[in-house]
Each structure stands twice: as C-alpha cells, then as structure tokens.
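What follows is a short report on a single structure.
Only this structure's heavy atoms are used, side chains among them; waters, hydrogens and symmetry mates stay out. A note on names: the letters A, B, ... follow the listed sequences, proteins ahead of strands, and every chain is numbered from 1.
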2 protein chains.
Amino acid sequence: MSRKKEILKTATLLFATNGFNETSMAEVAKASGVATATIFYHFNSKDDLFLSVLSNVKDGILEEFSQYFGEKTFESGLEMLEGSVSFYLYLAGSRSEWFLLLHRYYPYKLAEENETCRRHLEDIYNCFVDIFEKALVQGQADGSIGSLPPRKTALVILSTVDGIVRFKNCNLYDAGALYNELIACIRKMAANQNQKQ
Amino acid sequence: MSRKKEILKTATLLFATNGFNETSMAEVAKASGVATATIFYHFNSKDDLFLSVLSNVKDGILEEFSQYFGEKTFESGLEMLEGSVSFYLYLAGSRSEWFLLLHRYYPYKLAEENETCRRHLEDIYNCFVDIFEKALVQGQADGSIGSLPPRKTALVILSTVDGIVRFKNCNLYDAGALYNELIACIRKMAANQNQKQ
DNA sequence: AATAAAACTGATTCATCAGTCAGCTTAACT
DNA sequence: AGTTAAGCTGACTGATGAATCAGTTTTATT
C-alpha cells in the first residue's frame, strides 16, 4: 500500500476511535510509520486530511451498498426493507470505524463552513435514505407495505437504526441484543396491516 | 446568580455548542465575566467542571420529567407513550443544550474511565427508557398496546426519538418536519392491532 | 551515469491551553 | 476597628500541537 493510503487508513481509525481534535498529527504519523512532515507533504492541512478520510468513507459506503443490492434480489418491498436494515447493522459492525466517524460531531461542525464536507455527508445520508425509501415504494407497489409517506418514513427508520448504532458506539446498549425487536418494530411500522402474511 | 452557577451555565452552553475539547477554560472565563483562575478556584479541573455540568443536566432532565408526569394524566398507555415522546421532543427543543451535550462523544469517552460520569449517563438514559417502558406496560394492561417485550421495545423507541433529535442537532433533517410521521410510526409499532380504535 | 522530479524528514517555530501561585479584595464575625 | 477566611485575580509555566522549511533520499527518465 502506498504511504498516502497507509496514512489515510490510520487516520480514519484514529479519527473514528479517538476523535479529530483528540488525535494529533504526530500520533497519525507514528501509527503510520512516517514522519509528521510527510503527512503535510501529502495533505495540505489536518482538515484536508479529514476531508480525504471522509471522502474515502463515503466511497466505501456507497460501494458496499451498491454491491449488496447488485447481488441480492428480494421477494417483496418489505423483505428489501428488512434486508437493508440488516445490512446497515452488519456494516456498522464490520466497518465500525466508518460509523464511529459519522457519529462524532466534528464532520457536522466542519460541514457548517465547508461545502465539500457538507456534500460528502449529504451523499452518505441520501444513500441511506434512498435505499429505505426505494424499499418502501416497492413494497407499496407489491402490497407488502401499507400506505405511508415513503421519504419521511424512510427518515424515521434511518433514525431508529442509526440511533441503535449510536447506542452501541456509546456503550449504552448492545445493538445485537436489540436486533429481533428492531426488525419486529420495523415490520409492524411498515407492513400492510390489511393483508396478513 | 452566584459566580459558580454563572460559570456552570456558561460552560454547559459552550461544551454543548462547541464541544469539550474545543472549548478553552479562557473562553468559559471570558463568557462568564470572570478570570480564568476563578474557575479553578471553584472547580478542581476542566474534567471536574464537565462533571458538574453533566450532573446539573441530569438533575434538570429528571426534574423536568418528574414534573411533567406529576401534572399530567393519561387515558391509556398508548396516550402516555405518545405524550412521553412529544415531551422528549419538546424538551430537546426548549433545552437544546442538554441534548446537544448528550449527543457529543466526550461524555461517553469520559464514562469509560470515570465512575461518576458513567453513573450520571446511566441515570439519564434509565430515566428515558423507564418512562417509555412504563407507558408500554400500562398500555399492555389497559389493552391499548399490543404484546411486545416492554424494555427492549422502549429502547427501540428511544433510539428512534433520540436519532431524530440527533438529525436535528447535526443539521441533517428538521425534527419538527418529521413529528407527524414519528407519532404515526410509534403508534403502528406499539398499538394493539387486534383492537381497532 | 547524469539529471530532474518526487518523496520524505529532522529540527524548529509560534500559538494555545490547562493548571499554578502569590497576593489582593471583599464579606462576616467579634 | 480588627481579624479571619472566603472569593477572586494577573502573571506565569510547562506541555502540546499544527504547520513550515531547508535539506536529504529515492525514483524515474534520458
């Protein structure tokens, strides 16, 4: 792996686990096995490094989801919804550094003044909401999902799933222990209640 | 107001809006209209100041909820659940600094090594979950709420509501715009589906 | 082999910040 | 009025951290 990629990978992990302001460039350098000045050769500033990290995370998330939905087919919109939620939780476990990073405050703070950062975050969250929305719309077409506003309901579902991941990241409650109840709640919330399955 | 309380109030606001590590003691001092050394006269360290802030927030939250449930009575468990959710959202708006603080990462980081911090956070989240759980149990007794595990379902509901507040705090989506859908989702999720109202 | 460009680094700079301390001011009590 | 303690402060310290820069090493090209 090139030095630049090595630095990016290390920085992602450190920013995610310890936070942006809590991580010094010297730490990133040491953990990457390079001199501090080397980081500044590859990245203009600490913020620039952060934006590259975030861009990488975005690419990773979009890639993972497009791959999952490229391979998988679903019997109904409701199943697609459940699959999406499950995959979100799976990803939050296997690529926890991505979600830890997104559950810190720094990205959103930076987004207030930085167009690029704002766009990355929008892309990521639109990806999430779009997927849930698509499942809801498809479910309404095939009759597995009841009548409800798809975009806003997708946002409510995202906040539920995202909230559970946050609980895990903050050591408040284990996400795995809530998996069955989460799926049950989402099913009741979305399923077409006139048509018993 | 005593100087000490003035400092606490200012620190709460600054830690909430800018973050703990992003706020210097000099800033807190200036915004409180005292000398930096004065803060160290009243508080042993920056962490000690933070713990006092968190303790204050805890007292405020517990007080607000006990007051709300002391005044209000509900026709059914389902109505109590909806009332609780509404009050949570109302509080997250009127006392946004409390919830901003709780949506930062520092408290949870500190909780890993600090018993007092951990206890404060547990008290706060137990307060939230207990309220939702109590509503669910009551609703199951009066028939307004269906059969579901109350504690875990309460946690799922908390993550939904908390997730929506986080979206608002991160400027991702307006909580108010999702209010109706949130209530609708929670109703479908919890309501006794055999007994149409 | 010579040359140029790219990659990398040690040493340094300048700013910031948590925390200290010696001494000053105010309030309370006798 | 005198005494004491609590409240408060300006000036300082030592540590840390982002960023710079002059110079060295490596790589690619001719």
Side-chain angles (χ1 to χ4, degrees), chain A residues 1-56 101 104-114 116-117, chain B residues 1-56 101 104-114 116-117:
Chain A
M1 195 182 331
S2 77
R3 297 259 226 185
K4 191 171 177 178
K5 280 191 180 167
E6 180 64 42
I7 293 167
L8 265 175
K9 197 181 145 195
T10 310
T12 305
L13 209 64
L14 288 174
F15 288 164
T17 52
N18 299 331
F20 179 79
N21 282 296
E22 294 75 14
T23 303
S24 71
M25 293 301 255
E27 274 177 84
V28 178
K30 197 175 175 188
S32 311
V34 301
T36 307
T38 306
I39 304 182
F40 286 96
Y41 171 74
H42 289 292
F43 304 92
N44 293 326
S45 65
K46 200 182 174 187
D47 270 354
D48 184 42
L49 173 59
F50 183 83
L51 288 174
S52 294
V53 164
L54 188 61
S55 174
N56 249 27
L101 196 81
R104 298 201 160 263
Y105 202 78
Y106 191 76
Y108 309 96
K109 185 90 178 178
L110 186 60
E112 285 173 18
E113 54 176 35
N114 185 296
T116 311
C117 184
Chain B
M1 195 179 337
S2 79
R3 298 260 224 181
K4 193 171 176 177
K5 281 192 178 166
E6 180 65 42
I7 293 166
L8 266 175
K9 198 181 145 196
T10 310
T12 305
L13 209 64
L14 287 174
F15 288 164
T17 51
N18 299 332
F20 178 79
N21 282 297
E22 294 76 14
T23 303
S24 70
M25 293 301 255
E27 274 177 84
V28 178
K30 197 175 175 188
S32 311
V34 300
T36 306
T38 306
I39 304 183
F40 285 97
Y41 172 75
H42 289 292
F43 304 93
N44 292 326
S45 65
K46 200 183 173 186
D47 270 354
D48 184 43
L49 173 59
F50 183 83
L51 288 173
S52 294
V53 164
L54 187 61
S55 174
N56 249 28
L101 195 82
R104 299 205 159 259
Y105 201 79
Y106 191 77
Y108 310 96
K109 185 90 178 179
L110 186 60
E112 285 173 18
E113 54 176 35
N114 186 295
T116 311
C117 183

Roughly how many Å is it from [atom1] in [X] to [atom2] in [N], rounded to a whole number?
X: I7(B); N: dT9(D); atom1: CD1; atom2: P; result: 9 Å
X: M25(B); N: dA15(D); atom1: CE; atom2: P; result: 20 Å
X: K46(B); N: dT16(D); atom1: NZ; atom2: C1'; result: 13 Å
X: K4(A); N: dT9(C); atom1: NZ; atom2: P; result: 16 Å
X: F43(A); N: dG17(D); atom1: CZ; atom2: P; result: 20 Å
X: E27(B); N: dA15(C); atom1: CD; atom2: P; result: 18 Å
X: I39(B); N: dC17(C); atom1: CD1; atom2: C1'; result: 12 Å
X: L49(B); N: dG19(C); atom1: CG; atom2: P; result: 10 Å

Tell me whether the side-chain N/O atoms of [X] come closer than 4.0 Å to OP1 or OP2 in [N].
X: Y41(A); N: dA7(C); value: yes
X: R3(A); N: dA7(C); value: no
X: H42(A); N: dA6(C); value: no

Measuring from the side chain of [X] (C-beta onward, heavy atoms only), which nucleotide among [options] has the closest atom?
X: A35(A); options: dT9(D), dA18(D), dT9(C); result: dT9(C)
X: A37(B); options: dA19(D), dT20(C), dG10(C); result: dT20(C)
X: F40(B); options: dT9(C), dT20(C), dA19(D); result: dT20(C)
X: S24(B); options: dA19(D), dC17(C), dT9(D); result: dC17(C)

- Query: Can the positive tip of K4(A) be found less than 6.0 Å from the middle of the six-membered ring of Y41(A), inside 45° of the ring normal?
  - Reply: no
- Residue pair N56(A) / K9(A), side-chain donor-acceptor N/O under 3.5 Å: no
- Query: Just how far is it from atom CD1 of I39(A) to atom CE of M25(A), taken to the nearest 0.5 Å?
  - Reply: 5.0 Å
- Item | Touch class at under 4.0 angstrom, heavy-atom based, for T23(A) against every strand present | sugar-phosphate
- Query: What is the ring orientation for F20(A) with Y106(A), classed by angle as parallel under 30°, tilted 30 to 60°, or perpendicular over 60°?
  - Reply: parallel
- Item | Donor-acceptor contact below 3.5 Å, side chain S55(B) vs main chain L51(B) | no
- Does G33(B) or S45(A) map to a spot on DNA chain D nearer the 5' end, using the closest nucleotide for each? G33(B)
- Message: Please compare T38(B) and F20(A) by the position of their nearest nucleotide in DNA chain D and report the one closer to 5'.
- Response: T38(B)
